[in-house]
Amino acid sequence: MLAIEEDIPSIPYSDPWMLSLPTRLKQLAKGQKRVAYFYELADNSTFRYRVYNMVQVLNESNQDISAAYFFLDDFQQLNEIANLADILVICRTRYESRVNQLVAAFKSRRKPVYFDIDDFVFNCDYAHLLLNALDQDVNDHRCWDFWFAYTSRLGSTLRLCDAAITTNANLAKQITEYANIPVSIIPNFLNREQLEVSDRIFAIKQDKLLWKSDIIHLGYFSGTPSHNKDFSIIIPALEALLENDPRICLVIAGYIEAGPRLERFKDKIHQYPFQDYVNLQRLIGSVVFNLMPLQNNVFTNCKSELKYFEAAIVGTQSIASPTYTYTNSIIDGVNGYLSKAHQWESTIKQAISEIDKYQEMSIYSYEHARDKYAWFNQINPIKSALGLI
């Protein structure tokens with residue numbers, strides 16, 4: 001059992017967003033300014049960050065703004081939603097006839113329509129890059145069919161909208177070049193539930209000085225099954241470190257397997273299945289260093305910094321590839337470390353050798369994450385993006 005698990009048991013969890021359609025319609029109708037968010041269906045990644053979290057902030061802002069989320073399955077209430085809402089935000093939804101009707105319903109009422117997107121997945125000219133970055137089978141025509149359709153349909157929905165919202169300036173630039181519409185930036189951020197449990201974990205980690213244990217846990221946390229190439233970047237470093245440093249253990253959670261090269265170290269590897277986002281914070285808090293390798297290409301340089309702040313808010317230090325957002329989030333040696341592909345072993349060794357700085361760094365990164373990525377600091381960026389101020 002990892003150290004933090006002894007202090008915070010597994011947290012019973014159920015998705016807080018599974019509200020009935022009548023409840024969501026009542027929620028939307030409460031304010032004088034009303035924002036309707038649309039997404040294909042609820043999930044634990046894009047929907048949570050780009051829809052659920054936005055709705056939570058708007059409804060708790062005490063500024064007479066109300067918001068609610070809807071799905072394509074709620075399409076039978078299209079006219080009621082279009083009559084109630086003043087603003088429509090379509091999040092990462094592929095084009096189809098219902099989407100076209102949804103946009104038309106709002107535009108016919110002279111109400112603005114925004115498109116929110118959190119990945120560079122709307123331009124089919126980059127489908128080859130996506131397949132390679134996501135370790136898809138480039139010899140399987142079905143993969144090409146899927147990704148060309150997926151990106152093209154997202155791009156078509158994007159171009160129907162009046163403006164766009166995204167997570168960072170690099171992705172905003174790609175949107176502007178593709179769709180020639182105004183783009184605003186709202187970063188991904190921590191919602192209320194995530195922050196509450198993370199604050200508890202941070203306090204325990206500081207009280208117990210968990211980084212001073214005789215065992216140094218390195219962690220890799222994968223939210224999707226498409227990070228094989230990213231993880232492979234650090235396998236040589238992990239192999240050498242596990243071989244030569246008896247203090248090191250590895251924690252892997254999500255859709256990644258350690259792989260054959262690390263098989264001989266299985267006694268030093270803790271493997272966990274995909275976690276809900278609340279209990280994931282417990283696992284991230286249990287490790288000393290959070291490893292965030294990424295390939296260096298246009299796709300990865302449009303990724304958000306969510307893996308950084310999910311670790312920082314529980315006091316865990318990150319070691320990351322120097323992509324656009326990680327370079328803009330992490331000051332090397334101050335609130336984490338940056339490592340080029342060939343430097344992972346030496347960078348991890350450096351981080352371990354500087355363990356005396358760990359508490360100072362963890363406090364800095366915690367305060368940085370709370371100041372920039374806590375839900376209660378997002379109302380003005382959201383209002384500005386939606387033209388409400």
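Since the structure is predicted, the reported quantities are computational estimates derived from the model, not experimental observations. Basis for what follows: all heavy atoms, side chains included, without hydrogens, waters or symmetry-related copies.
- A donor-acceptor contact shorter than 3.5 Å is absent between the side chain of S318 and the backbone of G336.
- N244 places a side-chain N or O within 3.5 Å of a backbone atom of A240 that can act as its donor or acceptor partner.
- Grouping the Ile, Leu, Val, Met, Phe, Trp and Tyr side chains by contacts below 4.5 angstrom, directly or via other members, places I235 with I216.
- Counted within 6.0 Å of CD on E360, heavy atoms from surrounding residues, nucleotides or ligands total 12 or fewer; the atom is thus considered open.
- Under the 3.5 Å distance criterion, the side-chain polar atoms of E263 are left unmatched by any main-chain donor or acceptor of G259.
- To the nearest 0.5 Å, atoms CG (L58) and CG (N53) are separated by 11.0 Å.
- The existence of a salt bridge linking K349 and E345 is confirmed by a sub-4.0 Å separation between a basic side-chain nitrogen and an acidic carboxylate oxygen.
- In K357, the NZ atom is crowded: over 12 heavy atoms of neighbouring residues, nucleotides or ligands sit closer than 6.0 Å.
- The residue from Y37, F47, F38, Y52 that alone fulfils the ring-ring contact (aromatic ring centres under 6.0 Å, His included) condition with F71 is F47.
- Shown are L294, N170, N328; of these, the side-chain contact (heavy atoms from CB on, under 4.5 Å) with T323 is made only by L294.
- Counting only distance, with no hydrogens or angles, the side chain of Q194 and the backbone of W375 share no donor-acceptor pair below 3.5 Å.
- Between R370 and E367 no salt bridge is recorded (no basic side-chain N to carboxylate O distance below 4.0 Å).
- At a threshold of 4.5 Å between side-chain heavy atoms, the hydrophobic network of Ile, Leu, Val, Met, Phe, Trp and Tyr places I269 and I215 in two separate groups.
- S362 and Q317 share no side-chain donor-acceptor pair at under 3.5 Å.
- In this pair, W144 and F148 present their aromatic rings tilted. The plane angle is within the 30 to 60° band.
- Residue A67 comes nearest to V55 through the heavy atom pair O-CG1, 3.5 Å, listed as atom of the first residue, atom of the second, then distance.
- T167 and S304 share no side-chain donor-acceptor pair at under 3.5 Å.
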Would D199 and Y366 count as a side-chain contact (heavy atoms from CB on, under 4.5 Å) here? Give the steps.
CA-CA 9 Å; D199 281 345; Y366 168 82; 2.8 Å; yes
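- One distance of note links OG of S66 with CZ of R34; it measures 6.0 Å at 0.5 Å rounding.
- Of the possible polar contacts, none joining the S384 side chain to the N380 backbone as a donor-acceptor pair under 3.5 Å is found.
- The closest side-chain donor-acceptor pair between N83 and R109 falls under 3.5 angstrom.
- Checked against L218 for a side-chain contact (heavy atoms from CB on, under 4.5 Å), the options L250, I234, L242, I252 give a single hit: L250.
- Side chain of K107 to main chain of V113: no donor-acceptor pair is present (N/O by atom type, distance under 3.5 Å, no hydrogens or angles).
- By the 4.0 Å N-to-carboxylate-O rule, K33 lies too far from D86 to be salt-bridged with it.
- Checked by atom type, the side-chain pair T93/E40 shows no donor-acceptor distance below 3.5 Å.
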Go through the steps for Q63 and L388 under the test side-chain contact (heavy atoms from CB on, under 4.5 Å), then give the verdict.
CA-CA 11 Å; Q63 298 187 30; L388 295 172; over 6 Å; no
Which is it for Y114 and F106 under the ring-ring contact (aromatic ring centres under 6.0 Å, His included) test, yes or no, and what are the steps along the way?
CA-CA 11 Å; Y114 296 83; F106 274 79; over 10 Å; no
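- A salt bridge links D74 to R24: at least one charged side-chain nitrogen sits closer than 4.0 Å to a carboxylate oxygen.
- Distance check: F289 CZ to I319 CD1 gives 5.5 Å after rounding to the nearest 0.5 Å.
- Residue T151 holds its OG1 atom at 12.0 Å from CG of L158, rounded to the nearest 0.5 Å.
- Note on K303 versus D119: salt bridge recorded, some NZ/NE/NH1/NH2 to OD/OE distance being below 4.0 Å.
- Side chains of Q56 and N191: a donor-acceptor N/O pair is absent below 3.5 angstrom, by distance only.
- Nearest heavy atom pair, residue C91 against residue R50, reads SG-CB, 3.5 Å.
- Of the possible donor and acceptor atoms, none in the side chain of Y69 sits under 3.5 Å from a partner among the backbone N and O of A42.
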Apply ring-ring contact (aromatic ring centres under 6.0 Å, His included) to the pair Y326 and Y324, showing each step before the final yes or no.
CA-CA 6 Å; Y326 289 160; Y324 175 82; over 10 Å; no
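- Here OG of S321 is found 10.0 Å from CG of L291. Values are rounded to the nearest 0.5 Å.
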Test W147 against L134 for side-chain contact (heavy atoms from CB on, under 4.5 Å), laying out the working first.
CA-CA 11 Å; W147 284 106; L134 300 177; 3.6 Å; yes
Check against side-chain contact (heavy atoms from CB on, under 4.5 Å), T166 and F120:
CA-CA 10 Å; T166 194; F120 187 29; over 6 Å; no
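- Looking only at atom types and distance, the side chain of D118 has no donor-acceptor partner in the side chain of N188 under 3.5 Å away.
- Between the side chains of S365 and N335, not a single donor N or O lies within less than 3.5 Å of an accepting N or O.
- Heavy-atom neighbours of N180 CG from other residues, nucleotides or ligands within 6.0 Å: at or below the threshold of 12.
- Between the side chains of Q281 and E310, no donor-acceptor pair is found at a separation under 3.5 Å.
- Shown here is Q32, whose CD atom has no more than 12 heavy atoms of other residues, nucleotides or ligands within 6.0 Å.
- Ring pair Y373/Y308 is perpendicular by interplanar angle, where above 60° counts as perpendicular and below 30° as parallel.
- No side-chain N or O of Y220 forms a donor-acceptor pair with one of N290 less than 3.5 Å apart.
- The backbone N or O of V314 lies less than 3.5 Å from no partner atom in the side chain of S198, so there is not a single donor-acceptor pair.
- Judged by the 6.0 Å and 45° rule, R92 forms no cation-pi pair with F122.
- For the atom pair OH (Y277) and CG (N279), the distance works out to 11.0 Å, reported to the nearest 0.5 Å.
- Counting only N and O atoms by type, the side chains of N297 and T300 include a donor and acceptor under 3.5 Å apart.
- Placement of M361 and Y364 in two distinct hydrophobic clusters is found when ILVMFWY residues are connected by side-chain heavy-atom separations under 4.5 Å, directly or transitively.
- Ion pairing of E239 with R264 is present here, as a side-chain N (NZ or NE/NH1/NH2) and a carboxylate O approach within less than 4.0 Å.
- S213 contributes no side-chain N or O that, together with a main-chain N or O of L210, makes up a donor-acceptor pair within less than 3.5 Å.
- Considering every non-hydrogen atom in both V287 and K205, the closest pair reads O-NZ, 2.6 Å.
- Under a 3.5 Å cut-off, the side chain of D64 and the backbone N or O of G31 do not form any donor-acceptor pair.
- The hydrophobic clustering, which links ILVMFWY residues whose side-chain heavy atoms are closer than 4.5 Å, places V298 and V138 together.
- Scanning both residues, F274 and S222, for their nearest heavy atoms gives CD1-O, 4.3 Å.
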